[in-house]
Visitor: 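Before I ask anything, here is the structure I am working with.
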Amino acid sequence: MSSSVVNMPPRGDAGADGPRAVPGVKHLIAVASGKGGVGKSTTATNLALALAAEGARVGMLDADLYGPSQPRMLGIAGSPETRDGKMEPMMGHGIQTMSIGLMMDDDTPVIWRGPMVTRALQQLVYETRWDNLDYLIVDLPPGTGDIHLTMAQKIPVSGAVIVTTPQDIALLDARKGLAMFKKVNVPVLGIIENMSTHVCSECGHEQHIFGQGGAARMAEEAGPRLLGELSLDIRIREGADSGQPVLVGEPAGSLSRAYLGIARSLIQALAVLEPTSDVKEARSAVPEILVE
Ligand SMILES: Nc1ncnc2c1ncn2[C@@H]1O[C@H](COP(=O)(O)OP(=O)(O)OP(=O)(O)O)[C@@H](O)[C@H]1O
Ligand SMILES: [Mg+2]
């Protein structure tokens, strides 16, 4: 990121009344996991495209400041333009996108402490000129750190989606993610099980490489609905790596249908879980911890 972006004052800071609305955005939806590498970014990309295929105006905020994935996954190159003090989002397959990866070369690591990360994230959110979005999908890094706290406390997130594999170790971390959102009063809209089954492309044999049914059990125990299951499929990986996600490469295929089903469940979950004024009050009352 250019030094001017890092050093500018955080205009999106939470005021006394809690997080202020993000201009041009109706709903912010955070995609989180707990454990790393379970497919958050890939799922976020395809989910954004599925929501757009359903007729919504969709944006993507890459909140993984330490390891941004979205420019590659959405096939975007170059740098965003700045006009009248705001950054213009870059378009990837019709998705308005902003990522720190668009401002740095691929080999430069981000080495920042918490407060810098908090400020940079707020700037990406509030100083991008989002154009009339129904949904801004936020691709979070793994874990439950400064970036998650900033999202929860300083930015008006409508709800979070937890991505997990069926594997016990991933579910353990996903539960921590769930607990974190609960603590900061961000509604969890549902759980997505990624890499559920693998069908061999040679022989058609079905295997549950990471176990079976873990997310469904977690949804039953913890409350949020299971939004859907996605198989472990080489086309998903190839699409993500090449900037041609399956929703673009095979929009009518079975993998895309699975993402479209999840997008519809998400829209339903959001319709029932819109934050009430009580929830907003509770969130603004959350004590300031760790960040700034
Ligand atoms: N359903 C799937 N089938 C096949 N490959 C997948 C699937 N989902 C994700 N992948 C692949 O798994 C790898 C990890 O995915 P991704 O980067 O989306 O995970 P992540 O949870 O965002 O990781 P991080 O925690 O590092 O941000 C990538 O190579 C991606 O292409
Ligand atoms: Mg990621």
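Remember, it's 1-based here, ligands and their atoms both numbered in the order they're listed.
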Visitor: Decide, yes or no, whether a salt bridge links Arg57 with Asp134 under the criterion of side-chain N to carboxylate O below 4.0 Å.
Guide: no
Visitor: Measure across Tyr259 and Leu230 and return the closest heavy-atom pair with its distance rounded to 0.1 Å.
Guide: CE2-CD1, 3.4 Å
Visitor: Distance below 4.0 Å between atom 30 (C) of ligand 1 and any protein heavy atom?
Guide: yes
Visitor: Taking Gly143's backbone N and O only, do any of them form a donor-acceptor pair with His148's side chain (distance below 3.5 Å, no angle check)?
Guide: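 Yes, because the side chain of His148 sits within donor-acceptor range (under 3.5 Å) of the backbone of Gly143.
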Visitor: Purely on distance, is any nitrogen or oxygen of Asp139 under 3.5 Å from one on ligand 1?
Guide: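 N/O-N/O distance under 3.5 Å: no.
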Visitor: Same hydrophobic cluster for Leu232 and Leu255, using side-chain heavy-atom links shorter than 4.5 Å among ILVMFWY?
Guide: no
Visitor: Can you hop from Val246 to Ile76 via hydrophobic side chains spaced under 4.5 Å?
Guide: yes
Visitor: Identify the closest protein heavy atom to atom 26 (O) of ligand 1: which residue and atom is it, and at what distance?
Guide: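 For this ligand atom, the closest protein heavy atom is Gly37 N, 4.0 Å.
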Visitor: I need the nearest protein heavy-atom contact for atom 12 (O) of ligand 1: residue, atom name and distance, please.
Guide: Met195 CE, 3.7 Å
Visitor: Could you check atom 5 (N) of ligand 1 against the protein and tell me its nearest heavy-atom contact, residue, atom and distance included?
Guide: Arg237 CB, 3.6 Å
Visitor: Around the Mg ion (ligand 2), how many protein N/O/S atoms fall inside 2.8 Å?
Guide: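 Count of protein N, O, S atoms less than 2.8 Å from the Mg ion (ligand 2): 1.
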Visitor: How far is atom 19 (O) of ligand 1 from its nearest protein heavy atom, and which residue and atom is that?
Guide: Gly39 N, 3.0 Å
Visitor: Does the protein put a heavy atom under 4.0 Å from atom 2 (C) of ligand 1?
Guide: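 Protein heavy atom within 4.0 Å of atom 2 (C) of ligand 1: present.
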Visitor: At the 4.0 Å heavy-atom cut-off, does Leu232 count as touching ligand 1?
Guide: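 Contact present.
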Visitor: In terms of hydrophobic clusters joined by side-chain contacts under 4.5 Å, are Leu102 and Met73 together?
Guide: no
Visitor: To the closest 0.5 Å, what do you measure between CG (Asp62) and OG1 (Thr97)?
Guide: 9.0 Å
Visitor: Classify the contact between Pro141 and ligand 1 as side chain, backbone, both or neither, using a heavy-atom distance cut-off of under 4.0 Å.
Guide: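 Pro141 to ligand 1: no contact under 4.0 Å from either part.
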Visitor: Is Glu88 salt-bridged to Lys86, going by a charged N under 4.0 Å from an acidic O?
Guide: no
Visitor: Could you establish whether Met73 and ligand 1 come within less than 4.0 Å of each other, counting only heavy atoms on the residue side?
Guide: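 Per 4.0 Å heavy-atom rule, Met73 contacts ligand 1.
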Visitor: Side chain, backbone, both or neither: which part of Val163 comes within less than 4.0 Å of ligand 1 when only heavy atoms are counted?
Guide: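 Contact part for Val163 vs ligand 1: neither.
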Visitor: Quick one: nearest non-hydrogen protein atom to atom 21 (O) of ligand 1, plus distance?
Guide: Lys40 NZ, 2.8 Å
Visitor: Determine whether the side chains of Thr45 and Gln70 contain a donor N or O and an acceptor N or O closer than 3.5 Å.
Guide: yes
Visitor: Has Thr165 got a side-chain atom pairing as donor or acceptor with Val38's backbone, closer than 3.5 angstrom?
Guide: no
Visitor: Let me confirm one number: the OG-CG distance from Ser99 to Leu124, rounded to the nearest 0.5 Å.
Guide: 7.5 Å
Visitor: Among protein heavy atoms, which lies nearest atom 8 (N) of ligand 1, and at what distance?
Guide: Asn194 ND2, 2.9 Å
Visitor: Could you tell me, atom by atom, which parts of ligand 1 come under 4.0 Å of a heavy atom of Gly36?
Guide: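 Listed by number with element: 25 (O).
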Visitor: Is any N or O atom of Ala240, backbone or side chain, closer than 3.5 Å to an N or O atom of ligand 1?
Guide: no
Visitor: Tell me the contacting part of Thr43 for ligand 1: side chain, backbone, both, or neither, using a 4.0 Å heavy-atom threshold, strictly below.
Guide: neither
Visitor: How would you list, by chain and number, every residue that makes a ring-ring contact (aromatic ring centres under 6.0 Å, His included) with Tyr135, sequence neighbours excluded?
Guide: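 With sequence neighbours excluded, Tyr135 shows a ring-ring contact (aromatic ring centres under 6.0 Å, His included) to His27, given in chain and number order.
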Visitor: Going by atom types alone, do Thr118 and Thr150 pair a side-chain donor with an acceptor below 3.5 Å?
Guide: yes
Visitor: Treat each ILVMFWY residue as a node, draw an edge where side-chain heavy atoms are under 4.5 Å apart, and state whether Val188 and Val138 are in one component.
Guide: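 The answer is yes; both residues are in one hydrophobic cluster.
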Visitor: Would you mind checking which non-hydrogen protein atom is closest to atom 18 (O) of ligand 1, with the distance to 0.1 Å?
Guide: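 I find the closest protein heavy atom is Thr42 OG1, 2.5 Å.
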Visitor: Starting from atom 27 (O) of ligand 1, find the nearest protein heavy-atom neighbour and note its residue, name and distance.
Guide: Asp64 OD2, 3.6 Å
Visitor: In Å and rounded to the nearest 0.5 Å, what is the OG to CG distance from Ser265 to Leu189?
Guide: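 It comes to 11.0 Å.
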Visitor: Judged by non-hydrogen atoms, does Ser69 sit under 4.0 Å from ligand 1?
Guide: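 Heavy atoms of Ser69 never come under 4.0 Å of ligand 1.
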Visitor: Evaluate Ser41 for polar contact with ligand 1, using N/O atom pairs at a separation under 3.5 Å.
Guide: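 By distance alone, the answer is yes.
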Visitor: For Ser231, state whether at least one heavy atom is located under 4.0 Å from any atom of ligand 1.
Guide: yes
Visitor: Should the heavy atoms of other residues, nucleotides or ligands under 6.0 Å from CZ of Arg72 be counted, would the total exceed 12?
Guide: no
